[in-house]
There are 2 protein chains.
Amino acid sequence: MTSKITTKVKILNAAEALFANSGFAETSMREITAKAGVNLASVNYHFGSKKDLIKAVVDRYLERFVPLLLEKIETLEKCNKNYSVSELFECFKSPLLALNSINKDGSVFFLKLIGRGYVDFQGHLRRFITEKYGESLQVIQQCFHKTMPQLTPSEVFWRLHFTIGTSVFTLAASEALIDISRSDFDLEMTPEKIVDQLLPYLAAGFAS
Amino acid sequence: MTSKITTKVKILNAAEALFANSGFAETSMREITAKAGVNLASVNYHFGSKKDLIKAVVDRYLERFVPLLLEKIETLEKCNKNYSVSELFECFKSPLLALNSINKDGSVFFLKLIGRGYVDFQGHLRRFITEKYGESLQVIQQCFHKTMPQLTPSEVFWRLHFTIGTSVFTLAASEALIDISRSDFDLEMTPEKIVDQLLPYLAAGFAS
DNA sequence: TTTTGTTTAAAACGAACGTTTTATAAAAAA
DNA sequence: TTTTTTATAAAACGTTCGTTTTAAACAAAA
């Protein structure tokens, strides 16, 4: 028997696409439930409020992503005591791609949502993330510090967030940028091709 | 006689701060007019609509910034035929700081607004900018290409937008990041200090 | 089968939104 | 001064928002 798609999951799938592409405030409950093909009231019934729905949408990805990433980093540390920045960057790749099993375009959605979480929605989402995943994030940060021990922890922090910023902004604005690229260079870009150009840029910046 | 602050300017000043820090959709007309100390209807009277107000807020900065930047680049081209990437980056500094004469924190507001313009507000703002400043932006792009002629125009385009992305995201999320930096490292950061760390990062990435 | 709890459906709620209208005041032009 | 334009003020407009209520359908347990 093929597992039934529950109302909850229908809502999550519809909401994440709209949130990622249009933003939290710009997306209404009615748009979400219409796209999901469910009743308007079901969001409040299953999630409580729009605020909690936003958290649930992001958390579905984080719950998958963070453990996979920590796992990858752990095996890297075991195999190779003196790993490099780019090896550490590599650890992000497969956990990110794993998100596409939750949803086609899941990895793109995830990065877009993270980007929105920083700038939209006041601090709600960020506070939720740091509460639930703060320890894991600090572990990751320390791993980056190991690759560049000459930096202060604060410098590592800022370079990491420059990196995150470049990634999530590029993805968040990817539709606009792909548009421009098509009209200016007659070049059809995809998120994958963008990432290929992005990675060396990021590595060079972080190791600067 | 001290020049009178018109209602129009009061609205622009109030709106830009709210737009930059909270976003376009999240900021209501009533918040704007309350902060400006003017009547609710005056926004529609002077600007037509909220959409047009958003354009006016951003354009006040662009009208100052773009000519100053083009001027700086022009003199660089005259003085030095073979200028470098970092020399070109330098050209952005003083035009950016000149925005602080429009408004204390003007340069930070400007970058935050550009960042929001990419991801919020569908494509309205971006379309407006490319219509009015598209030619200037292409000139700038060609100058960057001169510093790295081995790249294709498309590659220049993407690296430039990675750079923009890093900048505007960092500024847009600067409050959140400054918060974290304070609690994690007991370090009080300012936008200026952030920019000092950001510039070498950007230069390394672009020239990668 | 009856009962109980869970999920969906439809309708309505009050609040907040951008905008418009109407009226009044101030300034400029005649 | 009178007339005409320009600007501000107050109130109301119709919509849309997130949420709640009420009722019906469905499932599980007794």
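When reading the values below, keep in mind they use all heavy atoms of this one structure, side chains included, and skip hydrogens, waters and symmetry mates. Letters go in sequence order (proteins before strands), and every chain restarts at 1.
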Rounded to the Å, how far apart are [X] [atom1] and [N] [atom2]?
X: Lys10(A); N: dA9(C); atom1: NZ; atom2: C1'; result: 13 Å
X: Leu40(B); N: dG18(C); atom1: CG; atom2: C1'; result: 8 Å
X: Asn39(A); N: dA23(D); atom1: CG; atom2: C1'; result: 12 Å

Look at atom [atom1] of [X] and say whether more than 12 heavy atoms of other residues, nucleotides or ligands are closer to it than 6.0 Å.
X: Glu71(A); atom1: CD; value: no
X: Asp186(B); atom1: CG; value: no
X: Lys93(A); atom1: NZ; value: no

Can you pull out the residues from residues 46-55 of chain B that lie within a 4.0 Å heavy-atom distance of DNA chain C?
Ser49(B), Lys50(B)

The correct set of residues in residues 18-38 of chain B placing a heavy atom under 4.0 Å from DNA chain C is Thr27(B), Ser28(B), Met29(B), Arg30(B)

Between [X] and [Y], does any side-chain donor sit less than 3.5 Å from a side-chain acceptor?
X: Arg116(A); Y: Asn21(A); answer: no
X: Tyr201(A); Y: Thr163(B); answer: yes
X: Asn39(A); Y: Ser42(A); answer: no

Answer with yes or no after comparing the ring centroid distance for [X] and [Y] against a 6.0 Å cut-off, counting only values under it.
X: Phe169(B); Y: Tyr118(A); answer: yes
X: Phe206(B); Y: Phe144(B); answer: yes
X: Phe157(B); Y: His161(B); answer: yes
X: Phe65(A); Y: Phe110(A); answer: yes

Taking only residues two or more places apart in sequence, or in another chain, which ones meet Arg182(A) in a side-chain contact (heavy atoms from CB on, under 4.5 Å)?
Ile178(A), Asp179(A), Glu188(A)

Report yes or no: is the cationic atom of Lys72(A) (NZ for Lys, CZ for Arg) closer than 6.0 Å to the six-membered ring centre of Phe92(A), at no more than 45° off its axis?
no

Are any protein N/O atoms closer than 3.5 Å to N/O atoms in nucleotides 21-27 of chain C? If there are, list each pair with its distance.
none

Which angle, to the nearest 10 degrees, lies between the helix axes at the two ends of the helix from dT1(C)-dA30(D) to dA30(C)-dT1(D), each defined by five pairs?
10°

Which residue lies more 5' along DNA chain C, comparing Tyr45(B) with Ser42(A) via nearest heavy atoms
Ser42(A)

Taking only residues two or more places apart in sequence or in another chain, which ones pass side chain to side chain donor-acceptor pair (under 3.5 Å) with Glu175(A)?
Lys112(A)

